[in-house]
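Letters A, B, ... mirror the listed sequences (proteins, then strands); counts begin at 1.
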Number of protein chains: 2
Amino acid sequence: MDKEIIPEVVVARLPVYAQKLNQFLQEGRAIVSSNELAEQLGITASQIRKDLSYFGGFGKQGSGYDVITLLENLREILNLTHPWKVVLVGVGHLGSALLSYQGFARKGFEIALALDNNPELIGKVISGVEVRPVEQLEEWVKAEGVRLAIITVPASEAQSVADRLTEVGIRAILNYAPVTLKCPDGVHVSDIDPVLILQKMTFYLE
Amino acid sequence: MDKEIIPEVVVARLPVYAQKLNQFLQEGRAIVSSNELAEQLGITASQIRKDLSYFGGFGKQGSGYDVITLLENLREILNLTHPWKVVLVGVGHLGSALLSYQGFARKGFEIALALDNNPELIGKVISGVEVRPVEQLEEWVKAEGVRLAIITVPASEAQSVADRLTEVGIRAILNYAPVTLKCPDGVHVSDIDPVLILQKMTFYLE
DNA sequence: TAGATTGTTAATCGATTAACAATC
DNA sequence: TAGATTGTTAATCGATTAACAATC
């Protein structure tokens, strides 16, 4: 299972498969074929089988995939068998909303640390997490053993926050600030900018 | 400029170029080369020039691209020369945060309509927008002439909201609910699910 | 067994990159 | 003019799809 040779597009689809399998599981489905999965997700069955084949054979000819087994395997492949601590930097409107979102914890992502510069926020407890000063980023990230970060600070501050996070050992950053972050190789950065997405879509509208 | 033959990955990069050009503009830069842009964005200069060549030649051999001119051209290509009205469905934590976010309006996306089912929210004005019942989705979308939608309802309701939006003529949907939406061909759907992105990144962490 | 579906290979398709003539 | 950078072509690289033998 050499991670170097697995295309990133493939890795990105695995959580989508897991999400749909979870849904099937909740609906009480025990078995699912690549065709059914594909139809539900709007992709080809070939692609699903090819994607999974990078990691092994999880299905059974003639019937399909056992929902629970495949889900378990995907969770192991994605390192989701233990919870992950996350640091949230920036507790504005969006940061607060993410802090209140139960979907992270439900999926094993615990926001263990929230940082902001606003004196009125520091010390406040939001969704069970006390807001601490950004100044103390380094010590708290180390103290909590956090591995993942979510950036929800203004665009102008995002790069310097990213730099500090990288410096202190964070290797995966989910960036909500509307800038393209530059991070060293080996640091995984994903940007979520709704404006960029809307701007892509308006291309297709006349 | 036949939109059928332009790869979607290319279209998706244009807003990123525009974003960086905006930044250059604010910094007072008049001219930029594909090399400088590329280095800033972490991609190749070849790719930028190839992408732009789908739409014409905007640069000048020997010097590069005029920042203002290229930005103007990109804005026209992406249909960003006039503002777009957006409907927001679901005014929970995340919906409220998006409603308060000034970045949409600043980029020409006006949230003209906000819908929710919560009786305590209906009639309330948030960031200048009155919350109306989801029940009245069809009439208000028509009345306001909205073309784009943002979905921030719970996962269980997202598909039916998407169906109703599609039915009433919406052709571009930004979906924050953690489900894969199924929409007819011709409807552009982009999903933003932070959990899926974190799950992709944990693959690379041991 | 007969029918169905996987896992995998090979073919196709599409996107990225390198290279360079054109030209400012 | 000399130097630099574009726009574009051709080559490379990589991802998707089709097809089918294997097999449950």
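In terms of the ring-ring contact (aromatic ring centres under 6.0 Å, His included) criterion, residue partners of His188(B) (sequence neighbours excluded) are, by chain and number, Tyr204(A). In this structure, Phe24(B) has no ring-ring contact (aromatic ring centres under 6.0 Å, His included) partners at least two apart in sequence or on a different chain. Residues passing the side chain to side chain contact (heavy atoms under 4.5 Å, CB included) test with Glu39(A), sequence neighbours excluded: Lys182(B).
Panel note: side chain Ser127(B), backbone Leu99(B); a donor-acceptor pair is recorded below 3.5 Å.
Ring geometry for His82(B) versus Trp84(B): interplanar angle of 30 to 60°, hence tilted.
Ionic pairing of Glu139(A) and Lys142(A) is not present here: no N-O contact between side-chain nitrogen and carboxylate oxygen is shorter than 4.0 angstrom. Taking the charged nitrogens against the carboxylate oxygens, Arg164(A) and Glu135(A) have no contact shorter than 4.0 Å, which rules out a salt bridge.
Nucleotide dG14(C) holds its C1' atom 12 Å from the CZ atom of Arg13(B), rounded to whole Å. Rounded to a whole Å, the CD1 atom of Ile5(B) is 11 Å from the P atom of dA15(C). Computed from coordinates, the Phe58(B) CZ to dT23(C) P distance equals 18 Å when rounded to whole Å. Taking atom CD of Gln61(B) as the reference point, atom C1' of dT6(D) lies 4 Å away to the nearest angstrom. Here dT6(C) presents its P atom at 10 Å from CD1 of Ile31(A), a figure rounded to the nearest Å.
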*What do the steps show when you test Phe104(A) against Leu98(A) for side chain to side chain contact (heavy atoms under 4.5 Å, CB included), and what is the final call?*
CA-CA 8 Å; Phe104(A) 287 121; Leu98(A) 296 179; 4.1 Å; yes

*Criterion side-chain hydrogen bond (donor to acceptor under 3.5 Å, both in side chains) on Asp163(B) and Gln159(B), from CA distance to verdict*: CA-CA 6 Å; Asp163(B) 292 343; Gln159(B) 184 61 59; 2.8 Å; yes

*Go through Phe58(B) and Ile77(B) one step at a time and tell me if the side chain to side chain contact (heavy atoms under 4.5 Å, CB included) criterion holds.*
CA-CA 12 Å; Phe58(B) 306 112; Ile77(B) 291 165; 4.0 Å; yes

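For the segment residues 32-52 of chain A, the set of residues with a heavy atom within less than 4.0 Å of an atom of DNA chain D comprises Thr44(A), Ser46(A), Gln47(A), Arg49(A), Lys50(A), in numerical order. Within a heavy-atom distance below 4.0 Å of DNA chain D, the residues of residues 62-71 of chain B found are Gly62(B), Ser63(B), Gly64(B), Tyr65(B).
Both key distances under 3.5 Å define a Watson-Crick or G-U pair, and stretches of 3 or more such consecutive pairs in DNA chain C run C:3-24 with D:3-24.
Separation of atoms CG (Leu21(B)) and CG (Leu70(B)) is listed at 5.0 Å; rounding is to 0.5 Å.
Taking only side-chain atoms of Ser53(A), from C-beta outward, the nucleotide of dT23(D), dA15(C), dT8(C) with the closest atom is dT8(C).
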